[in-house]
Amino acid sequence: MDRKSIIIVGPTAVGKTEYAIEIAKHCGGEIVSADSMQIYKGFDIGSAKPTEEELSQAKHHLIDIIDPKTDFSVAEYQKMAADVINSLFDRDVTPVIAGGTGLYVNSLIYDMDFSHTGKQDHIRKKLEREADLLGNDHLHKMLEKQDPEAAKRLHPNNLKRVIRALELIETSDGESSLRSFEESFKPNKLMNPIIIFLNRDREELYDRINSRVDILLESGLVREVEDLKDSGLSNENISMKGIGYKEIAGFIDGEYDLDHAIYLTKRNSRRYAKRQITWFNRYPDAHRFNLSDYGSKEEVLTYICKVIETFLYQTGNQ
RNA sequence: GCCCAGAUAGCUCAGUUGGUAGAGCAGUAGACUGAAAAUCUACGUGUCCGUGGUUCGAUUCCGCGUCUGGGCA
């Protein structure tokens, strides 16, 4: 039996959800989300989760399952996704992995190893304090002494990364170090994926992002953020750092007016889309589709499905 | 109609004692191994409103025009 999977990636608001559903229907697959916000319970409007109607059209996994008060990370995602994907393979169902979180997708298609030390809160806090007192360069110099390779890759101002690297050294007797992207560029042999990279002309994409933010507000985004805060979530929770959430939270806290919150949400979504495109541009084997080049959704789907069919019915020889 | 102020990057504006210009924001490009919707790095762009004059040289000074604010009638 071939263990083949389909991966749909692309920037926010490009239309991944609807295309993933069509593709899943077309090849009898089930959708596995690779989205770091849609995974949280209660983050419905701001993360643009699929609607009830969309959910009923294809089975979705890894959406709406994590308590937003807990700290979640790629490591957990990788494990959960692997379980889901394996169970789909067992049932001879094609996984259609869809989402915009590049690191999550990488954790599936590349051999990324998260078995070493996890997050170490006390060390992290200590180092953060040190950076505060002595400056970013100080921590970077510390890292340089103990792991020159990692230090070379990390800019001193990228505090989170520098701290993470030091955290690894402190907890593992210098054994493990922060590994580079290149080093882990080995494909995960269990996956055998075909990657579909959906994009649009920049101007059109930005128009879609801007008007989607307006729609999210009309659908009650402010209310959703208020409810989340009432339920005990604070701005410090990782889940609340999502675009649309942190900006509206600032408005609710009285830092600025709603118009400014909307402006920030739109701008940050645009910048995020830009970063996603940069990330997915690194996938050498991705099949790219610029949706702006086609007359209709049906037309694109014809082409996409053709590519997928060729892939699925190739006899696997891995 | 008269008086005053302004017109410079996509936007808001600074500046050039006359030698064709720079900040913020927007934008563009990139990095990424346990926060990733996070975090970090790098980079432009210009008929300096038009027109005539003074000048070796005008975006800068002067005249006229146009437009935009504000005031007075």
Side-chain angles (χ1 to χ4, degrees), chain A residues 11-13 16 33-40 43 46-49 66 68 70-80 99-121 123-125 128 131 136 139-140 147 149-150 152-168 171-172 176-186 188 202-203 205-206 209-210 212-213 216 235-249 260 263-282:
Chain A
T12 186
K16 287 187 295 295
S33 167
D35 188 302
S36 64
M37 292 310 293
Q38 292 185 2
I39 201 158
Y40 290 119
F43 282 58
S47 74
K49 266 184 205 163
I66 298 293
T70 63
D71 288 350
F72 188 75
S73 79
V74 220
E76 285 93 67
Y77 173 81
Q78 188 189 42
K79 251 176 263 159
M80 296 172 71
T101 304
L103 185 62
Y104 285 12
V105 176
N106 277 27
S107 79
L108 301 179
I109 62 177
Y110 297 123
D111 240 344
M112 292 177 78
D113 177 16
F114 294 110
S115 61
H116 46 268
T117 327
K119 181 182 174 185
Q120 301 293 318
D121 264 321
I123 298 179
R124 216 169 262 201
K125 290 232 171 65
E128 274 166 12
N136 296 351
L139 288 196
H140 193 255
D147 187 350
E149 278 301 302
K152 216 183 290 173
R153 281 202 317 276
L154 299 176
H155 191 278
N157 287 346
N158 203 345
L159 243 201
K160 277 186 188 177
R161 284 286 139 56
V162 174
I163 288 180
R164 171 65 190 153
L166 288 168
E167 198 176 292
L168 278 172
T171 50
S172 58
S176 59
S177 68
L178 197 69
R179 267 161 294 175
S180 72
F181 190 84
E182 270 72 32
E183 223 177 301
S184 66
F185 218 71
K186 286 164 275 179
N188 175 356
R202 191 61 56 91
E203 207 178 327
L205 182 66
Y206 284 2
I209 287 172
N210 293 337
R212 185 163 85 175
V213 171
L216 299 183
N235 298 351
E236 303 314 311
N237 285 101
I238 293 168
S239 53
M240 282 299 268
K241 309 262 190 209
I243 296 168
Y245 293 93
K246 59 172 183 284
E247 293 84 357
I248 297 297
H260 190 67
Y263 157 80
L264 287 175
T265 302
K266 288 179 179 174
R267 186 197 65 184
N268 292 342
S269 301
R270 275 180 256 130
R271 289 177 171 177
Y272 172 49
K274 173 64 191 64
R275 271 178 272 133
Q276 289 176 299
I277 292 166
T278 301
W279 185 287
F280 298 130
N281 275 337
R282 296 175 75 152

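Lettering follows sequence order; numbering is per chain, from 1. Atom set for the values below is all heavy atoms of this structure, side chains included, hydrogens, waters and symmetry mates excluded.
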**Student:** Strictly by Watson-Crick or wobble contacts shorter than 3.5 Å, is anything paired with B:rC61, and which nucleotide is it?
**Tutor:** B:rG53
**Student:** Rounding to an integer number of angstrom, what distance separates B:rA5 and B:rA14 when you compare their P atoms?
**Tutor:** 15 Å
**Student:** Using a 4.0 Å heavy-atom cut-off, does A:Thr12 contact any base of the nucleic acid, only the sugar-phosphate backbone, or nothing at all?
**Tutor:** nothing
**Student:** Starting at CD1 of A:Ile238, measure out to CE of A:Met37 and round the result to the nearest 0.5 Å.
**Tutor:** 10.5 Å
**Student:** Using a 4.0 Å heavy-atom cut-off across all strands, classify A:Tyr77 as base, sugar-phosphate, or nothing.
**Tutor:** nothing
**Student:** Could you check how far CD of A:Gln38 sits from P of B:rA36, rounded to whole Å?
**Tutor:** 14 Å
**Student:** Using purine N1 to pyrimidine N3 plus N6-O4 or O6-N4 for Watson-Crick, or N1-O2 and O6-N3 for G-U wobble, each under 3.5 Å, what pairs with B:rA23?
**Tutor:** B:rU12
**Student:** Does A:Lys274 make a side-chain N or O approach to OP1 or OP2 of B:rG30 shorter than 4.0 Å?
**Tutor:** yes
**Student:** Nearest to the side chain of A:His155 - B:rC40, B:rA36, B:rA37?
**Tutor:** B:rC40
**Student:** Mind checking if A:Phe43 touches a base, just sugar-phosphate, or nothing, with heavy atoms under 4.0 Å?
**Tutor:** nothing
**Student:** Mark yes or no for whether A:Tyr40, through its side chain, and A:Met240, through its backbone, hold a donor-acceptor pair below 3.5 Å.
**Tutor:** no
**Student:** Given atom CH2 of A:Trp279 and atom P of B:rU39, what is their separation to the nearest angstrom?
**Tutor:** 15 Å
**Student:** For B:rA42, what is the paired nucleotide under Watson-Crick or G-U wobble rules, both distances under 3.5 Å?
**Tutor:** B:rU28
**Student:** How long is the line joining NE2 of A:His140 and C1' of B:rU39, in whole Å?
**Tutor:** 14 Å
**Student:** Could you state the CZ-P distance from A:Arg164 to B:rA31, rounded to the nearest angstrom?
**Tutor:** 22 Å
**Student:** Just to be sure I understand the rule, does A:Gly244 reach a base, reach only the sugar-phosphate, or reach nothing, if contact means heavy atoms closer than 4.0 Å?
**Tutor:** nothing
**Student:** Grab the OH-C1' distance between A:Tyr272 and B:rA37 for me, whole Å please.
**Tutor:** 5 Å
**Student:** B:rC56 and B:rU47: how far apart are their C1' atoms, nearest whole angstrom?
**Tutor:** 23 Å
**Student:** Identify which nucleotide among B:rA37, B:rA36, B:rC40 has an atom closest to any side-chain atom of A:Ile238, counting heavy atoms from C-beta outward.
**Tutor:** B:rA36
**Student:** Write down the distance separating the C1' atoms in B:rG30 and B:rU66, rounded off to the nearest Å.
**Tutor:** 45 Å
**Student:** Regarding A:Thr12 and A:Arg212, do their side chains bring together a donor and an acceptor under 3.5 Å, going by distance alone?
**Tutor:** yes
**Student:** Counting the atoms with a prime plus P, OP1 and OP2 as sugar-phosphate, which does A:Asp35 contact under 4.0 Å by heavy atoms, base, sugar-phosphate, or nothing?
**Tutor:** base
**Student:** Which whole-number value in Å describes the distance from A:Asn136 CG to B:rC40 C1'?
**Tutor:** 11 Å
**Student:** Would one find a side-chain N or O of A:Lys246 under 4.0 angstrom from OP1 or OP2 of B:rA37?
**Tutor:** no
**Student:** Taking the P atom in each of B:rU60 and B:rC3, what is the distance between them to the nearest angstrom?
**Tutor:** 23 Å
**Student:** Counting N and O atoms only, with roles assigned by atom type, does the side chain of A:Glu247 sit under 3.5 Å from a partner on the main chain of A:Asn268, one being a donor and the other an acceptor?
**Tutor:** no
**Student:** For atom P, what is the distance between B:rG27 and B:rG63, given to the nearest Å?
**Tutor:** 42 Å
**Student:** Is it true that A:Asn237 and A:Ser239 share a donor-acceptor pair across their side chains at a distance under 3.5 Å?
**Tutor:** no
**Student:** If you check every side-chain atom of A:Asn157, which of B:rU41, B:rG30, B:rA36 has the closest atom?
**Tutor:** B:rU41
**Student:** Whom does B:rC48 pair with, Watson-Crick or G-U wobble, provided both distances fall under 3.5 Å?
**Tutor:** none
**Student:** Taking NZ, NE, NH1 and NH2 as the nitrogens, is one of them in A:Lys125 or A:Glu128 under 4.0 Å from a carboxylate oxygen of the other?
**Tutor:** no
**Student:** Mind checking A:Gln276 for me? I need base, sugar-phosphate or nothing, with any heavy atom below 4.0 Å counting as a touch.
**Tutor:** nothing
**Student:** Quantified in whole Å, what is the C1' atom distance between nucleotide B:rU59 and nucleotide B:rG6?
**Tutor:** 15 Å
**Student:** Among B:rA29, B:rU39, B:rC25, which nucleotide has an atom closest to any side-chain atom of A:Arg271?
**Tutor:** B:rC25
**Student:** Let's test this: given Watson-Crick or G-U wobble pairing with both distances under 3.5 Å, identify the partner of B:rA35.
**Tutor:** none
**Student:** Distance check needed: B:rA37 P versus A:Glu247 CD, whole Å only.
**Tutor:** 13 Å
**Student:** Students often get this wrong, so: under 4.0 angstrom with heavy atoms, is A:Tyr245 touching a base, only sugar-phosphate, or nothing?
**Tutor:** nothing
**Student:** For the P atoms, the ones on B:rA23 and on B:rC64, what distance do you get once it is rounded to whole angstrom?
**Tutor:** 36 Å
**Student:** Ion pair present between A:Lys79 and A:Glu76, side-chain N to carboxylate O less than 4.0 angstrom?
**Tutor:** no
**Student:** Under 4.0 Å, heavy atoms only, any strand: does A:Glu128 hit a base, just the sugar-phosphate, or nothing?
**Tutor:** base
**Student:** Nearest whole Å is fine: how far is B:rA36 C1' from A:Asn158 CG?
**Tutor:** 11 Å
**Student:** What's the closest nucleotide to the side chain of A:Thr101 if the choices are B:rA37, B:rU28, B:rC40?
**Tutor:** B:rA37
**Student:** So does A:Arg267 get a side-chain nitrogen or oxygen closer than 4.0 Å to the phosphate oxygens (OP1/OP2) of B:rC25?
**Tutor:** no
**Student:** Taking the side chain of A:Arg275 as heavy atoms from C-beta outward, which of B:rC40, B:rG27, B:rC25 is closest to it?
**Tutor:** B:rC40
**Student:** I'd like to know if A:Arg161 reaches the base of B:rA36 with its side chain, counting only an N/O donor and acceptor under 3.5 Å.
**Tutor:** yes
**Student:** What nucleotide among B:rG27, B:rA36, B:rA29 has an atom nearest to a side-chain atom of A:Tyr206?
**Tutor:** B:rG27
**Student:** Out of curiosity, A:Leu166 CG to A:His140 NE2, how far, rounded to the nearest 0.5 Å?
**Tutor:** 9.5 Å
**Student:** What distance do A:Arg202 atom CZ and A:Lys274 atom NZ have between them, rounded to the nearest 0.5 Å?
**Tutor:** 5.5 Å
**Student:** Across all strands shown, which nucleotide pairs with B:rC67 by Watson-Crick or G-U wobble geometry, both distances under 3.5 Å?
**Tutor:** B:rG6
**Student:** Please state the P separation for the pair B:rC13 and B:rC72 - nearest whole angstrom.
**Tutor:** 23 Å
